[in-house]
Chemist: 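Before anything else, here's the structure in question.
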Number of protein chains: 2
Amino acid sequence: MTTRTQLKAESLQRILDASASRLRQEGLSGAAIANVMRDAGLTHGAFYAHFASKGELAMAALRHALLGNRRRWIGELKHDSWMQRLQRLARRYLTKAHRDKPAEGCALAAVATEAARSDAAFRQAYEDELRKSLHAICCGSKAEAIPTDEHLDDAIAFMALSIGGISLARAVSDDAFSERILQACIAAAGRIASEPPHPDDH
Amino acid sequence: MTTRTQLKAESLQRILDASASRLRQEGLSGAAIANVMRDAGLTHGAFYAHFASKGELAMAALRHALLGNRRRWIGELKHDSWMQRLQRLARRYLTKAHRDKPAEGCALAAVATEAARSDAAFRQAYEDELRKSLHAICCGSKAEAIPTDEHLDDAIAFMALSIGGISLARAVSDDAFSERILQACIAAAGRIASEPPHPDDH
DNA sequence: CATTTCAGATGACGCTTATCATGTGAAATA
DNA sequence: TATTTCACATGATAAGCGTCATCTGAAATG
């Protein structure tokens, strides 16, 4: 029984990889079933052996895209201050490499404006993934940790700044201007961290 | 000769209004020619008497949407500090009303991620409009004024934060969470302003 | 060996899209 | 009044989309 189910699992993996790439590179409307299946080396008819509808695929692609990327981008907590952490994350996120390789980049940034016009199920999936990323920014991979309200607010603003920054850098035509957008957002990221309520706040 | 040309000008105005609304509410892919012309009270065939292609319409719609909104949102310089100005603009931009009425909202936010995947002409139009908005943030309506590098960088980060913030607030499913995003970004906007290089910097 | 299962292929359906060729009727012009 | 212009309507085209019915062949099962 290994051959059959294993073959299907491999096909599913190729479909997920292809749809996650398409989703990030061409957005929700670009992740069309025919394109994705062709990328996966299959024909469009085979799609419905794996997903019930295009909406299901879109949600799976979003989750799949963020599964690998989150650890890669946000990674572990280091022993630096909260402000330094945000600045370090910004330097890692707001790069020309990230800007120019959307297919491997952040899916939350890729579909930010399209998600707003999607159905409730997709928006819920988007929210879930965003919350996971916010938690990882605050707490690294410590899943059971609970961030402070201040840190969570900072992380929210940091994500808005980063997603907005990478989107603007991609939307703009002039290369020097695009680079300036990235730099300006990196510089601002370090200033986002709230003043600690007490000077002895670690 | 007034009747003919005037009638055409009125039709064009309705097409621009309709396309600007569609662009902001449903994005680039939603601003389809048939929809726009129906909204304008015309049939699709009449479209090519006004525009050469859908791309031309999209650029015109973007410009038209920002023409009225820029003054309404950014308005005049008041006699407060740079930091206070950014905070005041954030409070005006990151509202529930703006979030829930995209058809009348900021077009730069509506098409941010789709613009990145558009052709060079549209990206140039997007850049032009973004630069105008940045200038207005720094200098109000004083067209000939030249902002400092620090203020322009701050304005860039402010726009990224605002566009990212309104996009996330729209993309998310839970209402309380959406409101928290708006609040967190408003709070962060005041912290974006660079430290003045000299303490006597006005 | 005979039968069942089912991932994938083929092809079709109805819908939407951008674009254009042609027709029309009233206004502008002679 | 006769002619020209042209904004708009009608209808067609070709391509794209999501979805599904049907066929296939090989693996799984008895």
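Every heavy atom of this structure was used, including side-chain atoms; hydrogens, water molecules and symmetry mates were not. Numbers restart at 1 for each chain; the letters A, B, ... are given by sequence-line order, proteins then strands.
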Chemist: Looking at A/Thr3, I'd like to know whether one of its side-chain N or O atoms comes within less than 4.0 Å of OP1 or OP2 on D/dA26.
Modeler: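 Checking A/Thr3 against D/dA26: no side-chain N or O falls below 4.0 Å of OP1 or OP2.
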
Chemist: Using atom CD1 of A/Ile15 as one end and atom C1' of C/dA9 as the other, report the distance to the nearest whole Å.
Modeler: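 Going from CD1 in A/Ile15 over to C1' in C/dA9 covers 14 Å.
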
Chemist: To check you understand the geometry: which heavy-atom pair defines the closest contact between A/Ala169 and A/Leu182, and what is its length?
Modeler: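 Nearest heavy atoms, A/Ala169 then A/Leu182: CB-CD2, 3.6 Å.
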
Chemist: Can you sort out the partners of A/Phe47 under ring-ring contact (aromatic ring centres under 6.0 Å, His included), two or more places apart, ordered by chain and number?
Modeler: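 Counting only residues at least two positions away or on another chain, A/Phe47 forms a ring-ring contact (aromatic ring centres under 6.0 Å, His included) with A/Phe51.
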
Chemist: Per the end-axis method with five pairs at each terminus, what is the bend angle of the helix from C/dC1-D/dG30 to C/dC13-D/dG18, to 10°?
Modeler: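 It works out to 10° between the end axes.
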
Chemist: Taking CD from B/Glu26 and P from C/dT16, how many angstroms apart are they, rounded to a whole number?
Modeler: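 Nearest whole value for this atom pair: 13 Å.
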
Chemist: Using side-chain hydrogen bond (donor to acceptor under 3.5 Å, both in side chains) as the criterion, list what pairs up with B/Ser133, not counting sequence neighbours.
Modeler: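 side-chain hydrogen bond (donor to acceptor under 3.5 Å, both in side chains) check on B/Ser133 returns B/Arg70.
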
Chemist: Without decimals, in angstroms, what is the distance between B/His50 NE2 and C/dT19 P?
Modeler: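 Atom NE2 in B/His50 sits about 16 Å away from atom P in C/dT19.
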
Chemist: Rounded to the nearest angstrom, tell me the gap between atom CZ in A/Phe51 and atom C1' in D/dT19.
Modeler: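 Answer to the nearest Å: 16 Å.
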
Chemist: The criterion is salt bridge (charged side-chain N to carboxylate O under 4.0 Å, His left out); which residues satisfy it with A/Arg131, sequence neighbours excluded?
Modeler: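 Residues passing salt bridge (charged side-chain N to carboxylate O under 4.0 Å, His left out) with A/Arg131: A/Glu127.
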
Chemist: Can you list every pair that meets salt bridge (charged side-chain N to carboxylate O under 4.0 Å, His left out) and has a residue in residues 81-101 of chain A, with sequence neighbours left out?
Modeler: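 Residue pairs passing salt bridge (charged side-chain N to carboxylate O under 4.0 Å, His left out), neighbours aside: A/Asp80-A/Arg88, A/Lys96-A/Glu179, A/Arg99-A/Asp175, A/Lys101-A/Glu104.
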
Chemist: Tell me whether the OP1 or OP2 atom of D/dG18 has a side-chain N or O from A/Ser53 closer than 4.0 Å.
Modeler: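 No.
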
Chemist: Identify every side-chain donor-acceptor pair in residues 137-148 of chain A under 3.5 Å, counting partners at least two apart or on other chains, and give the distances.
Modeler:
residue	atom	partner	partner atom	Å
A/Ser141	OG	A/Glu76	OE1	3.2
A/Ser141	OG	A/Glu76	OE2	2.8
A/Thr148	OG1	A/His151	N	3.0

Chemist: Nearest 0.5 Å please: distance from the CG atom of B/Leu16 over to the CG atom of B/Leu23.
Modeler: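 One gets 11.5 Å once the value is rounded to the nearest 0.5 Å.
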
Chemist: How would you label the contact of B/Tyr48 with the nucleic acid (heavy atoms, under 4.0 Å): base, sugar-phosphate, or nothing?
Modeler: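 It contacts base atoms.
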
Chemist: Sequence neighbours left out, what pairs pass salt bridge (charged side-chain N to carboxylate O under 4.0 Å, His left out) with at least one residue falling in residues 41-51 of chain A?
Modeler: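 Passing the test, one end in residues 41-51 of chain A: no pairs.
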
Chemist: Tell me: CG of A/Leu7 to P of D/dA28, nearest whole Å?
Modeler: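 It works out to 10 Å between those atoms.
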
Chemist: With a 4.0 Å heavy-atom cut-off, tell me which residues in residues 28-44 of chain A come close to DNA chain C, sorted by residue number.
Modeler: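 The answer is A/Leu42, A/Thr43, A/His44.
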
Chemist: Tell me whether the side-chain N/O atoms of B/Ser11 come closer than 4.0 Å to OP1 or OP2 in D/dA7.
Modeler: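 Checking D/dA7 against B/Ser11, no side-chain N or O comes under 4.0 Å of OP1 or OP2.
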
Chemist: Using a cut-off of under 3.5 Å, enumerate the N/O to N/O pairs linking the protein to nucleotides 4-6 of chain D.
Modeler:
residue	atom	partner	partner atom	Å
D/dC6	O4'	B/Arg4	NH2	2.4

Chemist: Please report, rounded to the nearest Å, how far the P atom of C/dT10 is from the CZ atom of A/Phe47.
Modeler: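 Answer to the nearest Å: 18 Å.
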
Chemist: Provide the full list of side-chain hydrogen bond (donor to acceptor under 3.5 Å, both in side chains) pairs with a residue in residues 41-60 of chain B, sequence neighbours left out, each pair given once.
Modeler: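 Found none.
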
Chemist: For B/His64, what residues pass the ring-ring contact (aromatic ring centres under 6.0 Å, His included) criterion, not counting sequence neighbours?
Modeler: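 Here no residue qualifies.
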
Chemist: Which residues pass the side-chain hydrogen bond (donor to acceptor under 3.5 Å, both in side chains) test with B/Thr113, not counting sequence neighbours?
Modeler: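 Listed in chain order: A/Thr113.
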
